[in-house]
Amino acid sequence: MERKNRVDGSLAGIIIAYFLIYVVWGSTYFFIGVALKDFPPFLLGALRFTAAGLILLGICYLRGEQVFRKSLVMRSAISGIILLFIDMAVVMLAQRYVTSSFVAIIASSTALWILLLDVPMWKSNFGSFFTIAGGIMGFSGVAMLYMEQLGSEWLLPHSERGFLLLVFGCISWASGTLYAKYRSSREEKVNAFAGSAWQMLFAGGMFWTCSLFNKDLANVSLSSVSSVGWLSLVYLILFGSLLAYSAYVWLLKVRPAAEVGTHAYVNPFIAVLLGVFIGSEKVTLIQMSGLLLILLGVMLIGRKHRNRSS
């Protein structure tokens with residue numbers, strides 16, 4: 001099955017898809033932070049994923065995809081809620097307490113959670129010294145970052161809450177990734193994207209529910225949203241969701257989940273560069289050391305997978 005998937009995914013398509021989830025996704029942490037200055041978290045998620053989902057569903061329908069199959073819709077609903085709604089909700093809520101750079105640094109541990117939660121691969125994964133050593137190193141980096149949030153007075157108030165929210169989001173993203181890999185992605189052909197559209201629409205529906213319960217529309221005047229806020233929202237819709245998320249789901253169909261999870265190598269560096277040089281965010285030595293430990297751990301795990309496939 002894996003061999004067939006590799007044939008189905010063209011080399012050019014795979015390269016473009018990895019660029020999208022490596023570089024474009026890394027930039028979305030910064031643009032989320034910018035958009036949150038004008039939009040409440042739940043309203044931002046509702047507008048972003050509803051718009052992207054409707055656009056993609058329309059494209060899929062015009063391409064002749066069977067977009068209304070019950071099994072596809074049901075499994076996409078589960079993926080959308082776990083993979084998109086929960087993770088993105090906590091990412092946006094966490095940015096009340098921490099910077100976008102720190103969000104990306106914690107998100108780099110997602111590959112470790114995928115490894116830990118990928119039960120069908122436990123025998124293979126944990127039979128390797130590199131995997132065990134990489135896991136210990138990576139989680140040590142996460143622990144280092146948590147200790148900093150407890151002991152630094154200059155950080156934003158209650159930054160440890162942001163840390164815990166982000167860890168929960170990473171676990172949810174890892175769980176949703178594995179569900180999409182083993183369940184929902186099997187509901188459609190490799191080059192079909194209706195499942196991605198439904199995932200975004202169900203996530204958008206959950207965000208609308210929370211936004212209405214939170215009375216966001218009553219408390220926010222859309223006419224007062226800055227042009228920078230609107231442009232950030234458009235960027236998140238078109239590039240972060242419509243292109244990058246669709247590329248992520250497609251890659252899960254044609255490449256191993258642990259390999260796709262290596263976007264954690266690059267995302268933090270893109271986010272940190274944008275946060276520091278454009279957003280004037282501060283990144284501490286402890287945060288960079290924790291990031292280095294996490295990435296070294298993920299690289300050790302990746303070495304095991306490369307050796308197995310060679």
For the residue pair Leu222 and Leu43, what are the closest heavy atoms and their distance? CD2-CD2, 4.3 Å

On a heavy-atom basis, which atom in Val220 and which in Pro40 lie closest, and how many Å separate them? CG2-CG, 3.3 Å

Closest approach of Leu117 to Ser175 (non-hydrogen atoms, all atoms of both residues): CD1-OG, 3.5 Å

Let's go through Asp38 and Ser226 carefully: what are the C-alpha distance in whole Å and the side-chain angles of both, what is the deciding distance for side-chain hydrogen bond (donor to acceptor under 3.5 Å, both in side chains) to 0.1 Å, and is it a yes or a no? CA-CA 7 Å; Asp38 290 296; Ser226 67; 2.8 Å; yes

Decide whether Tyr248 and Ser196 meet the rule of one side-chain donor and one side-chain acceptor closer than 3.5 Å. no

Assess Lys37 against Phe31: is NZ or CZ under 6.0 Å from the centre of the six-membered ring, and within 45 degrees of the ring's axis? no

Without swapping roles, check the side chain of Gln199 against the backbone of Ser79 for a donor-acceptor pair under 3.5 Å. no

Do the non-hydrogen side-chain atoms of Leu36 and Pro41 ever get within less than 4.5 Å of each other? yes

Residue pair Met200 / Gly53: nearest heavy atoms and the distance that separates them: CB-CA, 4.0 Å

side-chain contact (heavy atoms from CB on, under 4.5 Å) assessment of Phe42 paired with Thr209: CA-CA 9 Å; Phe42 293 129; Thr209 301; over 6 Å; no

Do you know which two heavy atoms are closest between Phe193 and Ser246, and how far apart they sit? CE2-O, 3.8 Å

With the side chain counted from C-beta on, respond yes when Leu47 and Leu233 share a heavy-atom pair under 4.5 Å apart, and no when they do not. yes

What about the rings of Phe39 and Trp230, do their centers lie closer together than 6.0 Å? yes

Please tell me whether Phe85 and Phe207 form a close aromatic pair, meaning their ring centres lie under 6.0 Å apart. yes

Which is it for Ile59 and Arg63 under the side-chain contact (heavy atoms from CB on, under 4.5 Å) test, yes or no, and what are the steps along the way? CA-CA 6 Å; Ile59 293 173; Arg63 292 180 63 206; 4.1 Å; yes

Examine distances only and state if a side-chain atom of Asn219 and a backbone atom of Lys215 form a donor-acceptor pair shorter than 3.5 Å. yes

On the 0 to 90° scale, with breaks at 30° and 60°, tag the Trp198-Phe68 ring pair as parallel, tilted or perpendicular. perpendicular

Evaluate the side-chain proximity of Leu201 to Phe49: yes if any heavy-atom separation is below 4.5 Å, no if none is. no

Between Tyr245 and Trp25, does the side-chain contact (heavy atoms from CB on, under 4.5 Å) criterion hold? Intermediate values first, please. CA-CA 8 Å; Tyr245 182 70; Trp25 250 358; 3.9 Å; yes

Check whether any side-chain heavy atom of Ser232 sits under 4.5 Å from a side-chain heavy atom of Val228, and report yes or no. yes

Heavy-atom closest contact (Val67 atom, Leu72 atom, distance): O-CD2, 4.3 Å

Side chain to side chain contact (heavy atoms under 4.5 Å, CB included) test vs Val91 passes for just one of Thr28, Leu166, Ile86, Leu165, namely Leu166

Joint hydrophobic cluster, Leu20 plus Val234, side-chain heavy atoms closer than 4.5 Å: yes

Check whether any side-chain N or O of Ser172 sits under 3.5 Å from a backbone N or O of Ile82 as a donor-acceptor pair, and report yes or no. yes

Is it the case that one hydrophobic cluster holds both Leu116 and Val119, taking links as side-chain heavy atoms less than 4.5 Å apart, direct or via other members? yes

Please step through side-chain contact (heavy atoms from CB on, under 4.5 Å) for the pair Leu243 and Phe19, ending with a clear verdict. CA-CA 11 Å; Leu243 293 178; Phe19 173 81; over 6 Å; no

Counting distance only, does the side-chain N/O of Ser27 pair as donor-acceptor with the main-chain N or O of Val24 below 3.5 Å? yes

Met92 and Phe213: same hydrophobic cluster, using ILVMFWY side-chain contacts below 4.5 Å? no

